[in-house]
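Order of listing sets the numbers, starting from 1, for every ligand and every atom in it.
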Amino acid sequence: MLLLGIESSCDETAAAVLRDGREVLASVVNSQIAVHSPYGGVVPELASRQHLTNIEPVVAAALTQAGITLDEIDGLAVTQGPGLVGSLLVGLSFAKALSLAKGIPYVCVDHIVGHLLSIFLEEEQPAFPYIALVVSGGHSSICRVADYAAYELLGRTKDDAAGEAFDKVAKLLGLPYPGGPAISELARQGNRQAIDFPRAWLDGDSHDFSFSGVKTAVANYVRLKRQQGDELPVADICASFQEAVVEVLAEKTIAAAHSAKIRDVALAGGVGANPRLREYLQELGASRGIRVYLPSPAYCTDNAAMIALAGYHCFQEATRALDTDVYSRSHLGRPQPKTGKHSYGGPNSVDRHRPC
Ligand code: KG4
Ligand code: ZN
């Protein structure tokens, strides 16, 4: 099955071709960083106009990279939300038009579900159920993923998302947008113990996050240094701030895995590209007997391969539901029936509500 994935929820126009839910034949990402960086953040109106200009060439580039034509595509998977409405509309309308013109079925995919499942684009994969830490520009949460379509929220941020905190701190330090990569690059040259920024552990065993405190602490530190006429130790600020965020993210994720008695943890979302978070999580996991799975950085940040992958599982569920046949006798205690080219688990396999 060849799926074309389309992603346009924020400031990346992306298209990907995925074979049989496993093999990425093409993944093209057109970033709008140059358009938005003069403004220090994403300007929604500019983003949707850029998507409009980019979507057709990006999809064409993905098909070329995969060495196929549109006629060979079996299904479309497109991001439905969450994100910027104007941006999302461009991708969804494009997919609907392709579907109508070419008679290709399409499924709508939740962007966060795409991130949650992005680890299945890799060779090394966790076993269900696993704990996923999803950290992006708009979301920071810990989820228990029971299967491709069953997710339970265990914790989430009470204020800023982790990526948002990186972006805001970068802005007040005068660093370019997006802030995450800029901070992690400078942090390499800094001392992560130089400044003791606060860690918000919150109550007891809470799996929730809060990053507004550490962001304010950095702002206060910078203001004081400027008032005193001191030179800003930018690399040390970056390293110390990054450490405060990373420590909380990693400790809470591993603690959540422990309390849920789950041995596998996967990282997801743009902040998952942060080298220190990857290192910290892996080391902490190893010391506590937890296996940590890391998607490659290109599959942490926004991409359409993860949307195609999540869409593939929506199609599988829809196919299974359509493939359901009647049966006259109970199968309890007997081998499960097979129908058509799909085999499925009999009576129990089709009675679960799926979000797709
Ligand atoms: O998942 P993503 O590409 O888009 C959203 O769904 O939001 O995440 C973007 C976020 C931005 O806030 C960006 O600063 C952050 O991910 N990010 C990073 C790094 N690379 C991207 N944060 C920390 N370190 C990085 N290396
Ligand atoms: Zn994202």
Non-neighbouring partners of Q282 that pass side-chain hydrogen bond (donor to acceptor under 3.5 Å, both in side chains), sequence neighbours left out: none
Give me the nearest non-hydrogen protein atom to atom 17 (N) of ligand 1 as residue plus atom name, then the distance to 0.1 Å. G270 O, 3.5 Å
Sum up the protein N, O or S atoms located under 2.8 Å from the Zn ion (ligand 2). 3
Hey, is the main chain of I237 close enough, under 3.5 Å, to the side chain of S240 for a donor-acceptor pair? no
Within the 4.0 Å heavy-atom shell around G138, which atoms of ligand 1 are there? 7 (O)
Whether H115 and H111 hold their rings parallel, tilted or perpendicular, with breakpoints at 30° and 60°: perpendicular
One residue to check: H139. Relative to ligand 1, which of side chain, backbone, both or neither has a non-hydrogen atom less than 4.0 Å away? neither
Got a donor-acceptor contact below 3.5 angstrom from the S93 side chain to the V90 backbone? no
Close-contact set for ligand 1 against H111 heavy atoms, below 4.0 Å: 6 (O)
So which protein heavy atom does atom 22 (N) of ligand 1 come closest to, and at what separation? G180 CA, 3.3 Å
Which bit of S184 gets closer than 4.0 Å to ligand 1, counting heavy atoms only: side chain, backbone, both or neither? side chain
Give me each pair satisfying side chain to side chain donor-acceptor pair (under 3.5 Å) with a member in residues 64-86, each pair once, sequence neighbours excluded. E7-T79, T69-E72, D71-K102
Can you tell me which residue and heavy atom of the protein come closest to atom 10 (C) of ligand 1, and the distance to 0.1 Å? G137 N, 3.5 Å
Does S8 reach the main-chain N or O of H51 with its side chain, forming a donor-acceptor pair under 3.5 Å? no
Heavy-atom distances under 4.0 Å are what count here, so tell me which part of Q242 touches ligand 1: side chain, backbone, both or neither. neither
Within residues 230-239 or reaching into it, pairs that qualify as side chain to side chain donor-acceptor pair (under 3.5 Å) - sequence neighbours excluded: none
How close do S9 and P82 get, heavy atom to heavy atom, and via which atoms? CB-O, 3.7 Å
Atom 2 (P) of ligand 1 sits nearest the protein heavy atom D302 OD1, 3.3 Å
Tell me whether the centres of the aromatic rings in F241 and F166 are closer together than 6.0 Å. yes
Measure centre to centre between the rings of Y148 and Y312, then say whether the value is under 6.0 Å. no
Against heavy atoms of G163, which atoms of ligand 1 measure under 4.0 Å? 12 (O)
Please identify which atoms of ligand 1 are closer than 4.0 Å to at least one heavy atom of T301. 3 (O)
Identify, by atom number and element, the atoms of ligand 1 in contact range of H115, meaning under 4.0 Å from any of its heavy atoms. 1 (O), 6 (O)
F128 ring center near F120 ring center (under 6.0 Å): yes
Positive for side-chain contact (heavy atoms from CB on, under 4.5 Å) with V17, one of V28, L4, V24, V59: L4
Where does D167 meet ligand 1, judged by heavy-atom distances below 4.0 Å: at the side chain, the backbone, both, or neither? side chain
Protein contact to atom 24 (N) of ligand 1 [nearest heavy atom, distance to 0.1 Å]: N274 ND2, 3.0 Å
I183 and side-chain contact (heavy atoms from CB on, under 4.5 Å): which partner among D167, N274, V169? V169
